[in-house]
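Working notes, structure below.
So you know, we letter chains A, B, ... as the sequences are listed, proteins then strands, and number each from 1. Just so it is clear, the model here is predicted, and its values are computed rather than measured. Heavy-atom basis, side chains included; hydrogens, waters and symmetry copies ignored.
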Amino acid sequence: MAITEQDVQASEDAPSVNYLNNGYGLKSWLLTKDHKRIAVLYIISISIFFALGGLFASLVRFELMTPEGDLMSSDTYNKVFSMHGIIMVFFFLVPSIPATIGNFLVPIMVGAKDLAFPRINLLSWYVYVVAGILGTIAVVGGGVDTGWTFYTPYSSTYSNSNVILAAMAAFMAGFSSILTGLNFVVTIHTMRAPGMTWFRLPLFVWSHYATSIIMLLGTPVIAITLVLLMLERGFGFGFFDPNLGGDPVLFQHLFWFYSHPAVYIMILPSMGVMSEMVAAVARKRVFGYEFVAFSSVAIAILGFLVWGHHMFVSSQSTYAGMVFSIITFLVAVPSAIKTFNWTATLYKGSIVYDTSMFYVYGYLGLFLVGGLTGLFLSSMGLDIHLHDTYFVVAHFHYIMVGGQVMGYLGGMHFWWPKITGKMFPDICGKISALLVFLGFNFTFFPQFILGYMGMPRRYHVYPEEFQILNVASSLGASLLALGYLVPGVYLTWSIFKGPKAPDNPWGAKGLEWETTSPPPTFNFEETPVVTEEAYQYGQIEEH
Amino acid sequence: MADDHHGPTVRIYLAVFASLMFLTALTVWVAFQDLGMFNDVVALGIACTKATIVILFFMHVKYASRLTWLLAGAGILFLLILFAFAMADYVSRGWLGMPASHYLQ
Amino acid sequence: MADHALHHDHPHGLAHQFEDMPQQKESAVIGMWSFLITEILFFGGFFATYLIYRSYYPEAFFEGSSHLDIPMGAFNTIVLIVSSLTMAMAVHKSHEGNKRGILVYLTLTGILGLTFLVVKYFEYSAKIEYGLVPGLAWHPHGENSPQLALFYSLYFGMTGMHALHMIIGIGLLIWVFVKAAQGTYTAEYNAPVEIFGLYWHFVDIVWIFLFPLLYLLGTQGGGH
Ligand code: HEM
Ligand SMILES: [Cu+2]
């Protein structure tokens, strides 16, 4: 209770009272109901899992340096890539932006004091932590080897690893993301400040709204799918077991009903980050604001109609495959709209050459490649060749790592002064963005070629002619790892030694830049009244 | 939001209750009549009717804001999407004259 | 609760992040509906599985269904409908700020919920006795369709998940009851009663579908 009792009036005489110094001690953090503090808690916890997932990724890349399986056994390799996938998807990518930057910014951007349900927000973090602990136990206690996709009947019958624990962990992580999504939907509907109409909302809020729709509509289906899996594995119930007449492919249907939309949970928030950053970098209103806003919602809804494109070569019927293929092409349209509109925003903008700009450009390039290769994969005929090869691996890494992680890092830099009240050295930011961009392409572009040449994913032994490209990929991965480590260093440094940040260091538009850095506990001294649309950069252009 | 005081009255609740009881009796009775494949249709039709009545009156959706309608509708719509697209696969599997599936007998 | 820093005329029950009571109540109702959407899709996974296997293996499903106890299922259906009525009445009383009314109707609702679970307990025991629990106690008698286990997996999965929701519901009911007994709810502040009611009705609706889908299809003796 200690936190909310802090008297808000205090902030009037001393604006130096902010959410960070409003109460000290572990208890003031672990029992906080302040969305900003919960965001910080999330930042710390997902960073831990990002590091852990990264560790497993490095093991994969080490093993793949040589064609033989010399570093580990096949069984171990199966576990390593599975745990990489499970940790990265469920414990890093899904909460990455929404639970951190989104948690911090959505209430501020709509002009509210907090999310609608602060206690549920805290609960979601605790659920995440418990999920994380379960996941860690599964990893430490022998690991899990099903791949992040948990396909039956391997997961339900044959695997000898900790499937139930890992599934339980994923289930709980999903529950935590449902709670986040629920909070966003309600907050955006009911807590907008006076004058903050839907079409004055920053695009960041729109994309989080769309993300939340997916969290609410999709996550429960993965939850029940994992429950069915656990019942089958744990008790011997039959849902997908061919011996009882069950159909393992049904598991894939249920799994991808969530997991395709979930890939949009992993990209939409970063699209929101980009919309904010593009406007700030180009000093212009985002071109075609309404289209960008609606394309988020369109992605969220259309995303539910395409899951069968992951099942072209399962025993899914060809006719269903055709329908899924066609709709998959359609879903690329809203993504393309966004990319075009961001580019159009940059066109004739007065570009600011700072860290944000580096991240924006990097993001655009990587997302473009990822999205276009998605179209290769959605052509049913071509996918028969490419399915389960490194081409697919490269495709989704371009989007999830090149897109979402780039967006996450970019957003962290952009709002770092707001979150911590400290500035980081701009040159370091630029270097890290460059390292990430180069390292990323070095790592994953070769994988497109490998996949096209026919190297299947999830094997640790491969023919010798694939070695050069694999070594290139592994070297690139070290560069990429460096690119991720560097910001960790100078951002941490800036917390202690960085210069104090002004309220609006980038001269950007938006309610979050009108309050102090860092913001007071209830975000604003007075409830703001909004009188203009988002991104009115016209007024501050000349300087 | 609609004002709560315009919510349903006790009389409406009782009427809703009576119709739910009646429909329960009806669905049990119908189950024992041989209607061929229509047994399922009727049973599901009655269940949907009952659910709708509960949603509209007991859950106050009839008196609630458009947003509540939207939310309830979205849940049902996406449920139907799940059913429809999954079934589309299972229904069309045999069409090419190949065995319907490796697994399903 | 100590959440009162902002205004002196701070209304009873208003949390700090909201401007006024209507906003708070609207948020609570929308929040609950958002949660119910997830519940719809959660149970939806079961129903989709049911739909697909039912269409593939009608005989097994008819046979499985014919072992279920229709009178017990029908009795439980009635119990839940009555409990929905009492729940609706509890909400009605909460709008009047009528503490006694809330308590009376919540008690009735709770008793009915427990009745449902007791009946369910007897049903489950019978199934265990006959060896109709896949994996755990599975030795069905006589000639059986090979996919009978699919039906019973779904039966236990769906009714078990429903029963779990009932148990959680009763837990929540106790919490709301205690709060009501403390006089927390007034004609202005009663959102918790209302949204708990939404949850309760939803659980009722799930059963409204489970009853015909699981119990009633065996009546035609699989004559298809
Ligand atoms: C532009 C629209 C996109 C299209 C048309 C598209 C298309 C596809 C297709 C057809 C596949 C299946 C390939 C196969 O397994 O053979 C696939 C796989 C995948 N895509 Fe995309 N995709 C798009 C965007 C995205 C986005 C935005 C993400 C993530 C943020 C993503 C993540 C994934 C993942 C994770 C897989 C592989 C999953 C696995 O098998 O482990 N895709 N994509
Ligand atoms: Cu997909």
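Separation of atoms CG (Leu70(B)) and NE2 (His189(A)) is listed at 7.0 Å; rounding is to 0.5 Å. Atom CG of Leu217(A) is separated from atom CG of Leu77(B) by 9.0 Å, given to the nearest 0.5 angstrom. We find the CH2-CG distance between Trp307(A) and Leu82(B) to be 5.5 Å, quoted to the nearest 0.5 Å.
With a 4.5 Å cut-off on side-chain heavy atoms, Phe78(B) and Val221(A) do not count as touching.
No more than 12 heavy atoms of other residues, nucleotides or ligands shown are found within 6.0 angstrom of CZ on Phe175(A). Within a 6.0 Å sphere centred on OH of Tyr154(A), heavy atoms belonging to other residues, nucleotides or ligands number more than 12. Counting non-hydrogen atoms of other residues, nucleotides and ligands closer than 6.0 Å to CZ of Phe83(B) gives a total above 12.
Of all non-hydrogen atoms in Arg93(B) and Ser315(A), the two that sit nearest each other are NE-O, 3.5 Å. Residues Ala320(A) and Ser92(B) approach most closely at N-OG, 4.0 Å, considering heavy atoms. Here the shortest heavy-atom pairing between His253(A) and Asp89(B) reads NE2-OD2, 2.5 Å.
Contacts of Ile213(A) with chain B are absent, with no heavy-atom separation under 4.5 Å from either backbone or side chain. For Leu254(A), the part lying under 4.5 angstrom from a heavy atom of chain B is the side chain only.
Between chain A and the options Leu79(B), Leu71(B), Ile81(B), heavy-atom pairs under 4.5 Å are most frequent for Ile81(B).
Residue Phe85(B) is tested with Phe304(A), Phe257(A), Phe324(A) for a side chain to side chain contact (heavy atoms under 4.5 Å, CB included); the sole match is Phe324(A).
Proximity of a side-chain donor or acceptor of Tyr319(A) to a complementary backbone N or O of Val91(B) within less than 3.5 Å is not detected.
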